[in-house]
Amino acid sequence: MPDQSSLPKSSSHGHTYWVIPDGYIPPDSSGALESHESICVLNTGGEDATLDITIYFEDRDPLEHMQAEVPARRTKHIRTASLRAGEESIPSGVPYAITVSSNVPVIIQYSRLDTTQPELALMSVMAYPLA
């Protein structure tokens with residue numbers, strides 16, 4: 001196996017602002033797996049990424065300034081149900097949208113596991129980059 005220090009360092013790839021227009025945490029689960037959604041972030045650069053996440057709703061003010069960190073040259077899967085703005089969190093069973101701003105370029109994918117029925121569904125899409 002080659003010495004890790006001799007391998008080339010990855011450069012930053014991606015964008016600094018991403019939009020995910022379709023969010024929905026399924027309210028129920030069946031079987032052993034829990035329904036959930038995740039913001040999947042890849043940071044290929046040499047600097048840690050600091051994410052600022054905002055959640056938008058149809059009928060209420062946004063939840064703003066939710067923070068997450070993704071170390072340099074790592075990936076992180078952030079379950080949306082774990083995000084907090086003060087004492088507030090995203091309610092299940094309510095449609096929402098997400099924006100993610102990062103201090104360094106990152107790549108973002110979004111995944112939903114819906115286990116509300118025995119025939120579970122997994123959806124995964126690329127977020128939309130704006131900058």
Side-chain angles (χ1 to χ4, degrees):
M1 176 178 270
D3 176 21
Q4 293 293 321
S5 64
S6 67
L7 296 176
K9 298 288 184 198
S10 296
S11 60
S12 291
H13 296 287
H15 297 274
T16 57
Y17 191 79
W18 295 82
V19 176
I20 303 163
D22 177 32
Y24 181 83
I25 301 171
D28 300 310
S29 299
S30 65
L33 298 175
E34 179 182 2
S35 293
H36 67 272
E37 296 198 333
S38 294
I39 302 168
C40 310
V41 183
L42 173 60
N43 180 2
T44 63
E47 183 180 341
D48 292 353
T50 300
L51 308 180
D52 186 69
I53 302 166
T54 300
I55 306 298
Y56 295 88
F57 299 100
E58 295 176 349
D59 60 354
R60 62 188 89 178
D61 289 337
L63 298 177
E64 299 179 281
H65 306 298
M66 298 184 195
Q67 302 291 311
E69 300 287 326
V70 182
R73 302 180 67 218
R74 298 289 186 267
T75 186
K76 186 169 188 175
H77 293 70
I78 304 161
R79 287 204 181 183
T80 57
S82 71
L83 295 170
R84 299 281 179 272
E87 295 297 315
E88 293 186 86
S89 61
I90 303 168
S92 63
V94 174
Y96 63 93
I98 304 169
T99 60
V100 179
S101 179
S102 177
N103 65 318
V104 297
V106 294
I107 299 165
I108 295 184
Q109 181 177 333
Y110 195 65
S111 296
R112 176 183 300 149
L113 178 62
D114 184 342
T115 65
T116 55
Q117 54 189 335
E119 298 78 21
L120 62 88
L122 177 64
M123 175 206 63
S124 191
V125 298
M126 289 303 296
Y128 187 79
L130 289 177

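- Checking side-chain atoms of Thr44 against main-chain N and O of His13 turns up a donor-acceptor pair under 3.5 Å.
- Between Arg74 and Asn43 the shortest side-chain heavy-atom distance does not fall below 4.5 Å.
- Contact check for Tyr110 versus Asp22: no side-chain heavy atoms found under the 4.5 Å cut-off.
- Distance check, rounded to the nearest 0.5 Å: CG of Leu63 to CD1 of Ile53 gives 11.5 Å.
- Side-chain atoms of Val41 and Val100, non-hydrogen and from C-beta on, never get closer than 4.5 Å to each other.
- Looking at Leu51 and Lys76, their side chains never come closer than 4.5 Å, going by heavy atoms from C-beta outward.
- When every heavy atom of Ala85 is checked against every heavy atom of Glu64, the shortest pair comes out as CB-O, 3.7 Å.
- Of all heavy-atom pairs between Ile90 and Thr80, the closest is CD1-O, 3.5 Å.
- From Glu88, atom CD reaches atom CG of Asp61 across 9.0 Å, with rounding to the nearest 0.5 Å.
- Looking at Trp18, its side chain does come within 3.5 Å of a backbone N or O of Val106 through a donor-acceptor pair.
- For Ala49 against Ser102, the heavy-atom pair with the smallest separation is CB-OG, 3.8 Å.
- Taking the side chain as every heavy atom from C-beta outward, Pro105 and His15 never approach each other to under 4.5 Å.
- A distance of 10.5 Å separates CG in Leu130 from OG in Ser101, rounded to the nearest 0.5 Å.
- Looking at every heavy atom in both residues, Ala72 comes nearest to Gly45 through CB-O, 3.3 Å.
- Using a 4.5 Å heavy-atom cutoff, the side chains of Ile108 and Ile20 are in contact.
- Shortest non-hydrogen contact noted between Gln67 and Thr50 is OE1-CG2, 3.7 Å.
- Distance check, rounded to the nearest 0.5 Å: OH of Tyr24 to OG of Ser92 gives 7.5 Å.
- Tyr56 and Tyr96 fall into different hydrophobic clusters, where Ile, Leu, Val, Met, Phe, Trp and Tyr are joined by side-chain heavy atoms under 4.5 Å apart, directly or via other members.
- Distance check: Leu42 CG to Arg73 CZ gives 11.0 Å after rounding to the nearest 0.5 Å.
- Atom CG of Asp52 is separated from atom CE of Met66 by 10.0 Å, given to the nearest 0.5 angstrom.
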